[in-house]
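Chain A is the first sequence line, chain B the second, and so forth, proteins listed ahead of strands; every chain is numbered from 1.
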Amino acid sequence: MKRRGNRIIFGSAIGLATIAVAIDHTRHSLPEPAAVVSGEPSETTDSADVAESPCGAGESPCGMGETPCGAGESPCSL
Amino acid sequence: MWEQCVRRKCLEAVLECLVAFGDRRTNAVLEILKDHTLHERHRYPPDGITFGGGNWRAFYHCHDSPRGDGAEHGHFHLFAVLGPLADEWTHVVGLSIDRQGQPVQWFAVNRWVTGGPWLPRDELVPLLPCPDFTAEPGLVERWLAAMVCAFKDDIAAVLESRDQNFSSRLAGREPEEVQGDRSLYVLASRPVDLQRTLENVLVREADMPDPDHDGSWPVRNPETDETPPPNP
């Protein structure tokens with residue numbers, strides 16, 4: 001009966017409205033990436049690498065490596 | 001029916017997380033970025049997120065998408081641990097996030113993108129977690145765990161498409177060559193409609209009888225009378 005009571009809460013319009021409001025309240029504009037200032041350490045690949053692949057030649061851009069986007073590593077690796 | 005019950009529980013946990021995010025006027029990505037300045041290709045948080053009883057890790061980042069998908073802000077990469085020593089991780093799936101912080105797509109990438117071991121779909125799917133969400137250390141961890149559990153079937157479908165796409169490109173090539181082919185980035189994807197999924201399962205399917213479930217969690221399998229451990 002307890003579970004049926006829980007089900008009633010999700011019964012109809014209340015459930016739909018709850019879901020819609022819950023999602024809407026999480027819609028927030030995400031920040032754009034900050035510009036990399038010249039001379040600052042950057043983990044982005046250089047232009048030559050970018051020309052070869054979107055995430056750097058010789059790298060795995062989205063792996064789990066110790067250092068993201070470092071030369072010879074996987075930028076998307078752990 | 002049991003699987004449906006598990007999925008419903010996962011989606012209820014997702015909804016609870018959304019309400020909690022909303023109360024804080026945030027979302028999963030903003031929560032991760034709150035102590036950082038966002039730079040392309042940097043990982044957030046820097047040490048990654050651990051969830052699923054320590055068997056899963058994830059991070060968020062953004063960079064130009066080779067798919068030219070202007071709707072994406074960034075994406076999570078989700079990795080599962082391999083072996084008892086937890087010294088090797090395999091990429092399982094990515095979750096694309098739009099500029100409003102909403103999940104829009106599961107996707108699977110070629111091996112060169114993430115590095116690490118390459119496992120076929122049949123070996124990855126058993127790793128998908130359905131943990132005890134109350135054990136997750138934080139809201140983002142709980143949300144990620146619940147999302148992976150709730151969309152387990154979609155993730156499995158993405159991995160199957162990935163394998164099919166990969167196999168179709170072998171055509172006399174060695175697998176390692178295809179895995180390193182930088183012209184192949186995203187191998188499969190599947191859209192996420194979170195609102196519709198929540199509505200369909202939590203509201204429209206809510207009247208379906210489930211006499212074997214007493215509302216407890218983790219969910220007891222009525223056929224075996226076993227309660228599965230938090231993680232496979």
Heavy atoms only, distances under 4.5 angstrom: which of B:Ile97, B:Thr26, B:Val29, B:Val109 has the most pairs with chain A? Name it, please.
B:Thr26

If you tally heavy-atom pairs under 4.5 Å against chain A, which of B:Asp23, B:Val19, B:Leu30 wins?
B:Leu30

Search all heavy atoms of B:Ala188 against all heavy atoms of B:Arg162 and return the closest pair with its distance.
CB-N, 3.4 Å

State which residues pass side-chain contact (heavy atoms from CB on, under 4.5 Å) with B:Asp98; sequence neighbours excluded, sorted by chain then number.
B:Gln100, B:Gln102, B:Val104

Quick one: salt bridge (charged side-chain N to carboxylate O under 4.0 Å, His left out) partners of B:Arg142, sequence neighbours excluded?
B:Glu16

Does any heavy atom of chain A fall under 4.5 Å from the side chain of B:Leu33, the backbone, both, or neither of them?
side chain

What part of B:Thr37 gets closer than 4.5 Å to chain A, counting heavy atoms only: side chain, backbone, both or neither?
side chain

Just say parallel, tilted or perpendicular for the rings of B:His77 and B:His75, cut-offs at 30° and 60°.
perpendicular

